[in-house]
Amino acid sequence: MTDQKSAKTYKFKAETKQLLDILAHSLYTNREIFIRELISNAADALDKVRFEEVRGTKIADPDREYEIRIELDADNQTFTITDTGIGMSREELISNIGTIAHSGTAEFLKQLTKDEKQGPELIGQFGVGFYSVFIAAEEVSIRTRSFKEDAVPCEWRSDGTGTYRITELDEAPRGTRIEVKLRDDAKEFTEKHRVENVIKKYSNFVPFPIHINGEQVNKISAIWREPKSSINEEQYVEFFKFIANTSEEPLTHLHISADVPIQFHSLLYIPKTNIEMPGFPPPEVGVNLFVKRILVQQNSKDLLPNYLRFIRGVVDSEDLPLNISRETLQENLALTKIKSVLVKKILTHLSEIAEKDKEKYEQFWNEFGRIFKEGYADYGNQEKIFELFRFNSSHFDNAEALTSLQDYVDRMAEGQEQIYYLSSQNREVMEQNPHLELFHSKGIEVLYLYDPIDEFVMSGIQKFKDKELASADQIDPANLDKIKDKEKKEDQKEEEKIDTKELGDLCARIKNILGDKVKEVRASERLTASPAVLVNPDGTMSAQMEKLMQAINKDAKVPAKIMEVNGKHPLIKNMLEIYKKDPKDVYLDNAAENLYYSVLLLDGYLPDPHRMVGNIQEMLTKSSDLYVDKSQAK
Ligand code: ADP
């Protein structure tokens with residue numbers, strides 16, 4: 001029985017009216033959000049009463065289960081949500097529901113009038129909460145009874161236009177029951193399937209049972225808040241499959257509960273497979289941010305640095321405001337601290353895997369190494385990050401094996417002060433690179449880089465444990481003299497004598513033939529097998545870096561390089577003989593040009609192959625003439 005004398009009608013404030021008007025008439029997309037808001041309020045109310053009970057307060061109806069019940073009634077077109085939470089007194093109804101207490105609301109209104117399409121998104125960010133019910137409601141009634149034992153139950157009723165009415169009730173159980181009379185265009189919210197999907201999407205980890213028409217729909221609890229010891233491997237896997245929407249098991253998980261410097265819980269996963277494809281926009285994945293168990297941001301990009309963007313999972317903190325928006329989130333001090341703790345924990349976790357389970361770590365590296373390498377610029381964590389990097393190297397006989405920088409340093413020869421690397425598109429091409437000959441002959445290990453980002457990574461690292469990193473195609477061969485040959489060859493052949501004066505003359509002649517194409521032609525000290533190589537003048541970038549720059553700027557000119565020739569190679573020796581007979585012999589022109597084109601081709605630069613093809617065909621013709629003559633003479 002309702003005591004009509006206690007009934008009173010109140011007017012909404014202008015600001016509230018304006019908000020209600022927008023909610024009711026301007027928002028058509030993503031309207032389901034009101035369900036999330038109502039469940040979020042119910043869960044809050046349950047949290048609060050549980051807290052009261054825990055601290056020993058006497059509460060009304062102590063035997064009522066903590067739960068949320070949703071009744072869908074298609075005939076009457078109603079959506080009713082009941083919680084057994086803390087409830088509200090008449091005064092609280094007026095101050096909490098009747099007025100916009102929310103500091104974010106004014107801001108919300110301002111934003112909303114700028115861009116109404118953003119409405120539903122903004123509701124989520126600003127947590128205008130309860131009022132969002134008017135997106136779908138024709139009329140709303142709230143029946144509520146505070147947890148305080150002597151509280152008087154009340155009903156609040158409004159159609160969201162200008163006024164609301166509060167009536168005292170004779171009787172009501174502890175908690176709040178909100179009945180939403182749905183508008184004709186919002187009938188879909190009486191469909192169980194529809195509502196269940198909304199709950200699965202936003203509220204599945206609310207730590208109280210949610211029932212729809214008597215059936216519990218949220219089976220998974222907030223496992224990230226549970227102590228690690230109470231969760232088994234299977235549950236961890238199941239939760240990953242749920243949040244990542246996959247049937248694949250994760251590679252590894254990391255469960256964190258922190259109290260200092262900030263309180264939060266987190267459960268993070270590294271998947272087995274990288275779903276990011278080069279050349280396509282990165283997929284919408286990330287870490288879900290919960291505040292007090294309520295999802296406030298799905299796939300948040302703000303919780304982890306970009307180089308850890310493949311990590312999935314949940315972060316849940318009591319120390320963040322529920323109504324946090326993206327903008328305020330980025331500036332939030334608590335979040336900055338959470339982020340910093342997360343990064344450190346993840347890096348430590350990866351180090352542990354690298355140490356204990358090499359195979360698993362390499363599995364991680366092969367999938368995500370390319371993204372993780374972007375972390376070279378995270379200055380605060382560089383040391384740890386560099387230790388986690390892996391590269392193929394000349395130490396191995398295949399392209400799959402990986403080494404850490406530390407292992408490379410441990411293998412360094414006496415007197416070696418630098419870490420050497422070289423870039424190429426793959427191992428096969430790498431092994432053809434003449435720059436490696438000197439390193440191979442001295443048994444010095446070179447890191448093999450196959451990824452375009454590696455050049456940037458290497459110039460970002462610069463130094464690892466006091467050892468400078470140097471590109472093998474840029475060093476002065478004299479630098480390697482100090483290094484003790486690891487594999488000292490006892491039976492080294494006697495050094496061939498080369499007449500440096502004569503070779504110098506040939507070099508001058510070749511420079512003359514090539515003209516501006518090269519900066520200089522000189523005798524090489526780095527070659528043992530190849531006839532020639534192109535070397536960058538001091539202080540310029542490595543060949544691979546140049547190529548990257550060219551890819552970015554097509555018009556960038558290949559700078560003139562130094563061509564070094566190997567006086568011990570049969571071709572150079574023959575050229576020298578020809579030169580000595582007749583310095584003007586045209587064979588030299590042809591050979592010098594071809595040699596230049598061939599080393600340019602090896603470097604990956606040859607812009608126009610026509611000239612080279614013409615030259616080769618001319619030389620083929622000449623040599624086949626010789627062959628024909630010879631056979632005729634027989
Ligand atoms: P917010 O939840 O962000 O504070 P709302 O507009 O959703 O904003 O709710 C305003 C206030 O109304 C809440 O802070 C809470 O005090 C009260 N409230 C809303 N729903 C409930 C409920 N189901 N039980 C108890 N109190 C509630």
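Atoms considered below: every heavy atom in the structure, side chains included; atoms not considered: hydrogens, waters and symmetry mates.
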- request: Decide salt bridge (Lys or Arg N to Asp or Glu O under 4.0 Å) for R31 and D185; before the verdict, give the C-alpha distance in whole Å, the side-chain angles of both, and the deciding distance to 0.1 Å.
  value: CA-CA 11 Å; R31 299 192 302 177; D185 63 3; 3.6 Å; yes
- request: On the 0 to 90° scale, with breaks at 30° and 60°, tag the F240-Y269 ring pair as parallel, tilted or perpendicular.
  value: tilted
field: F34 CZ to S40 OG distance, which is reported to the nearest 0.5 Å
entry: 14.0 Å
- prompt: Between atom CG of N381 and atom NZ of K344, what is the distance when rounded to the nearest 0.5 Å?
  reply: 4.5 Å
One thing to verify: whether [Y] and [X] come together as a salt bridge, which I'm taking to mean a side-chain N less than 4.0 angstrom from a carboxylate O.
X	Y	value
E171	R145	no
E362	K358	yes
R370	E374	yes
E52	K48	no
R174	E149	no
K272	E248	no

- request: Report the C-alpha distance between L251 and K360 in whole Å, list the side-chain angles of each, state the deciding distance to 0.1 Å, and finish with yes or no for side chain to side chain contact (heavy atoms under 4.5 Å, CB included).
  value: CA-CA 8 Å; L251 185 72; K360 190 169 176 175; 4.2 Å; yes
Indicate whether any N or O donor in one side chain lies under 3.5 Å from an N or O acceptor in the other, for [X] and [Y].
X	Y	result
T348	K384	yes
T252	H349	yes
E71	T80	no
T78	N76	no
D44	N41	no
D184	Q77	yes

- request: Applying salt bridge (Lys or Arg N to Asp or Glu O under 4.0 Å), run through E318 and R225 and close with a yes or a no.
  value: CA-CA 11 Å; E318 301 282 329; R225 284 174 167 260; 2.6 Å; yes
- request: Walk me through it: do E138 and R183 pass the test salt bridge (Lys or Arg N to Asp or Glu O under 4.0 Å)?
  value: CA-CA 5 Å; E138 194 175 280; R183 295 204 308 249; over 6 Å; no
message: Using salt bridge (Lys or Arg N to Asp or Glu O under 4.0 Å), reason through E155 and R143 one step at a time and then give a plain yes or no.
response: CA-CA 4 Å; E155 185 190 59; R143 292 168 154 249; 3.3 Å; yes
field: Pair listing, ring-ring contact (aromatic ring centres under 6.0 Å, His included) test, anchored in residues 149-176, at least two apart
entry: Y10-Y164, F12-Y164, F130-W156, W156-Y164
Which pair of heavy atoms, one from [X] and one from [Y], lies closest together, and at what distance?
X	Y	result
L350	I270	CD2-CD1, 3.7 Å
E276	N274	N-OD1, 2.9 Å
E53	P62	OE2-O, 4.5 Å
K192	L72	CA-CD1, 3.5 Å

- prompt: Step by step, would you call K339 with L303 a side chain to side chain contact (heavy atoms under 4.5 Å, CB included)?
  reply: CA-CA 5 Å; K339 190 170 169 177; L303 290 166; 5.9 Å; no
field: Residue list, side-chain contact (heavy atoms from CB on, under 4.5 Å) with I275, at least two apart or on another chain
entry: P283, V285
message: side chain to side chain contact (heavy atoms under 4.5 Å, CB included) for D316 and V291? Distances and angles first, verdict last.
response: CA-CA 5 Å; D316 186 352; V291 175; 5.5 Å; no
- prompt: Knowing that exactly one of N96, T176, D83 qualifies, which makes a side-chain hydrogen bond (donor to acceptor under 3.5 Å, both in side chains) with T144?
  reply: T176
task: Check whether the ring centres of Y307 and Y376 lie less than 6.0 Å apart, and answer yes or no.
output: no
field: Verdict with supporting geometry, Y131 and F134, ring-ring contact (aromatic ring centres under 6.0 Å, His included)
entry: CA-CA 6 Å; Y131 288 122; F134 286 104; 7.0 Å; no
- prompt: Applying the ring pair (Phe, Tyr, Trp, His ring centres under 6.0 Å) test to W224, which of F290, F264, Y236 qualifies?
  reply: F290
- request: Decide yes or no on side chain to side chain contact (heavy atoms under 4.5 Å, CB included) for I81 and R69, but give the supporting numbers first.
  value: CA-CA 6 Å; I81 174 168; R69 289 187 174 272; over 6 Å; no
